[in-house]
Amino acid sequence: MAIDEKLLKPYDPSTTEQKIYRLWEESGFFNPDNLPNNPREPFSIIMPPPNANGRLHAGHALFVTLQDIMTRYHRMRGQKSLWVPGFDHAGFETQIVYERKLEKEGRSRFEMKPEDLYREIYDFTIENKKYMQDDIRRLGASCDWSREKFTLDPEIVKTVQQTFDKMFKDDLIYRGDRIVNWCAKHQTSLSDVETEFEERTEPFYYLQYGPFVIGTSRPETKFGDKYVVMHPNDKRYAKYKQGDKIDLEWINGPITATVIKDESVDMEFGTGVMTITPWHSKEDFEIAERHKLEKEQIIDWKGKLLPIAGEFADIHISKARHMITEKLKEKNLLLKIDEHYKHNVKVCFKCNTIIEPQIKDQWFVKMRPLADRALDAVNSGKIKFYPDNYEKIFRYWMENTIDWNISRQIIWGIPIPAKICESCKRGYSDLDDKMTTCECGGILRKDTDTFDTWFSSGQWTLLALGYPKSKDLDIYHPTSVMETGHDLIFKWIPRMVIFALYLREEVAFKNVYLHGLVNDEKGEKMSKSKGNVVNPIALIDTFGTDALRIALVVGNTPGTDLSLSRDKIKGYKNFANKIWNITRFVQENAQEGNSSTSELMEEFKKIAEDITTDMENYRFHLASEKIYQYIWHRFADEIIEESKKNDEKGEQTKKILLPIWQECLKILHPFMPFVTEEIWQIINPGKLLMIESWPIND
RNA sequence: GCGCGGUUAGCUCAGUUGGUAGAGCAACCCGUUUACACCGGGAAGGUCGCAGGUUCAAGUCCUGCACCGCGCACCA
């Protein structure tokens, strides 16, 4: 066979990859409509939409690689394979990224017109989206760009608002004064998944409260405390009865306290007595609800004390604590301080500001009935998890989920199509923006809040396929698999299950594959402050996409974090070159004709079957390693060496080289698509490896 | 506190139903007679965290413990 000139030089990814990608894209086969019809069931995967607010990071490279492996494998298996790409406006996250940019420029969103801010963030997002599309292409993603979606596409916005309307009418959404997580820096409420706990060691104060001693770590919230709560079975306080009034001297003068008995009080903790601040504590709020107690705001939305604090009014809580404890000391109300009280403090997951629980009038989703259906779906085996221990984690969370606050006080997001009554505060869904008057006669004003991002991305499998009406939905939903990071097991996965069940009576996906985080070579989490963040595009420039892709996959067990080292990628760059040279040898030495040494092909078939089983079971980390081992250490080291011999066996082996090599390229293709396709173009001009049949196809 | 992972060769990690311990990288020796030095050949390296148990047989199953990581929930 004549040798192709290209093969005489070492493999150069940079000159081939873009050319090959164009070849694929122009073939039209990323769009399954252009694939030959096939009786097999379709395969579908929806890309978790990257937040369009920055550049691709190593985690993106991992998910693109895994999803592309799945898509290419199933396409070669003859399935109508659809991978829908998309991008997320990522409400709060993006707004924060943009606010940091503003901050650097000495600007602030609070000094801008909302519509100007929106326009700027919009432009910023669209620009990022373009870069990310290019980067995803460079990673070799065989996704169908003709179906690309963005969570702010007009039809998506409309659909999301319709979902709100439907849920409102179905009594699954209510408006209410409830405790929310308030970030005073960002001036918005947050859901529980947008907050984190931080361990702090702070002083713990014992205060004289009439005849009682109460303990607190937050004396600055205590101004309005007029209920003193104890356990009904606590013998120490048996002489006090529910509703007893006690006059006592408090921070700013005499008050009257009311005794409340509630079983939620821990008799072992502190003195067994506490006062409550229902406006600024979830637990206290619940006690107040049970006993129908008054609630009063102590801290304003900026974190400053309100007039109820008397002389401390208008002082920020961060400064007030010391001043207040001084005053308590003077009044002999401060009995003791434990300096080393360890507890966890809820903070904003983006800025680490302490979350101030506040009562706020917001929209909430009733989770219980929805979560029950999701649980049923998982319990009846309609959704499988890889690795399977995440099923347990999922179940735990769904069993314990609480109502979901979907209102955000930020501009960057999908507007909530609602009206609020100025007098009675009742809320209505109003899709067409027509309502003007409340049942109570009050004036309705437009809700200025936007949806929590997860409210739209929770509907992602449906939205990406054109819900509510599209043929795609009938063909590709439920999707075959959702592949995403394990950190999204609570934030995202349950919401998609819930929305698909609610809107379409279907699970959103049949399988969930969760990958781990990509850490640096020492196994440490990548972070900008540590300076160990790797840019996947830079790695591609150095080693080639194929090398990066297979390095991300080999040995990367589902659900487990991965340490990515340059040495590993370099090793696979060598592998790409090895493949190149194997091809050269095969071209130079392969002989045509039927080989009598069919046992080599039989041996290969067995390995191919084994690898196929791995692919079917999401064991890409094993499949990739097996084909690597076979190609390098069996085919190259042994079979090729055998074929060099000048005897009958050598002659027979020469005849089997090309058939086996072609099959190897097919199996390797999903993992290393560029180099394999480039070689295919050389040995089978005019044909596309991307749509060749997988060696095992039963 | 509850839960979930992990602990295997110097490093990073595989090891699917229990059947004589694997890879990559690094280190060591030899090799440049044409596919490839981005290479080949060879050798070396592990009481599979600890302690029990089940079994003919345990890295793999069971129990307990230790350490590391992560998640969830919290006490005012």
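Letters A, B, ... mirror the listed sequences (proteins, then strands); counts begin at 1. Predicted model, so just to flag it, every value in this text is computed and none were measured.
- Using a 4.0 Å heavy-atom cutoff across all strands shown, A/Trp661 reaches no nucleic acid atom at all.
- Rounded to a whole Å, the CD atom of A/Glu199 is 15 Å from the P atom of B/rC72.
- The same atom, P, is picked in B/rA66 and in B/rC11; the two are 25 Å apart, to the nearest Å.
- Using a 4.0 Å heavy-atom criterion, one finds that A/Asp266 contacts the bases of the nucleic acid, with or without backbone contacts as well.
- One interatomic measurement links the two molecules: CZ of A/Phe394 to P of B/rC4, which rounds to 17 Å at whole-angstrom precision.
- A close approach under 4.0 Å does occur between a side-chain nitrogen or oxygen of A/Lys644 and OP1 or OP2 of B/rA35.
- Look at NE2 on A/His343: it is 15 Å from C1' on B/rA73, rounded to the nearest Å.
- A/Ala636 comes within contact range of at least one nucleobase, with a heavy-atom separation under 4.0 Å.
- Looking at A/Glu616 and A/Tyr73, their side chains do bring a donor and an acceptor atom within 3.5 Å of each other.
- You won't find any donor-acceptor pair under 3.5 Å spanning the side chain of A/Lys573 and the base of B/rC38, going by distance alone.
- Between the NZ atom of A/Lys9 and the P atom of B/rC36 there is a distance of 16 Å, given to the nearest Å.
- In terms of phosphate contacts, A/Trp632 brings a side-chain nitrogen or oxygen within less than 4.0 Å of OP1 or OP2 of B/rG40.
- OP1 or OP2 of B/rG3 has not a single side-chain nitrogen or oxygen of A/Lys392 nearer than 4.0 Å.
- Residue A/Val265 is classed as a base contact, given a heavy-atom separation below 4.0 Å to a base.
- In this structure, A/Leu7 reaches neither bases nor backbone, as no heavy-atom distance under 4.0 Å exists between it and the strands shown.
- Side-chain N/O atoms of A/Thr277 and A/Asp225 include a donor and acceptor closer than 3.5 Å.
- Between B/rA44 and B/rC50, the two P atoms lie 24 Å apart (nearest whole Å).
- Heavy atoms of A/Tyr390 sit nowhere under 4.0 angstrom from any nucleic acid atom.
- Regarding contacts with the backbone of B/rG24, a side-chain N or O of A/His633 is found under 4.0 angstrom from either OP1 or OP2.
- To the nearest angstrom, P of B/rC39 lies 16 Å from OH of A/Tyr11.
- Rounded to an integer number of Å, the gap from CD of A/Glu391 to C1' of B/rG3 is 15 Å.
- For B/rG59 and B/rA9, the C1' atoms lie 14 Å apart once the distance is rounded to whole Å.
- As rounded to whole Å, 13 Å separates atom P of B/rC72 from atom CD of A/Glu194.
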Report summary line: Heavy-atom contacts, protein to nucleotides 10-18 of chain B, under 4.0 Å, summarised as B (base), S (sugar-phosphate only) or - (none) per nt, yield --SSSSB--
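- Taking the charged nitrogens against the carboxylate oxygens, A/Lys295 and A/Asp284 have no contact shorter than 4.0 Å, which rules out a salt bridge.
- Using atom C1' as the reference point in both B/rU20 and B/rU60, the two lie 15 Å apart (nearest Å).
- The same atom, P, is picked in B/rG45 and in B/rA37; the two are 31 Å apart, to the nearest Å.
- The aromatic ring centroids of A/Tyr628 and A/Phe671 lie 6.0 Å or more from each other.
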Query raised in the report: Where does RNA chain B pair, written as one dot-bracket string 5' to 3', with Watson-Crick or G-U pairs under 3.5 Å, ( ) inside the strand, [ ] for crossing pairs and | for another strand?
Result: (((((((..((((.....[..))))..((((.......))))......(((((..]....))))))))))))....
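- You'll find the ring centres of A/Tyr630 and A/Phe604 inside the 6.0 Å limit.
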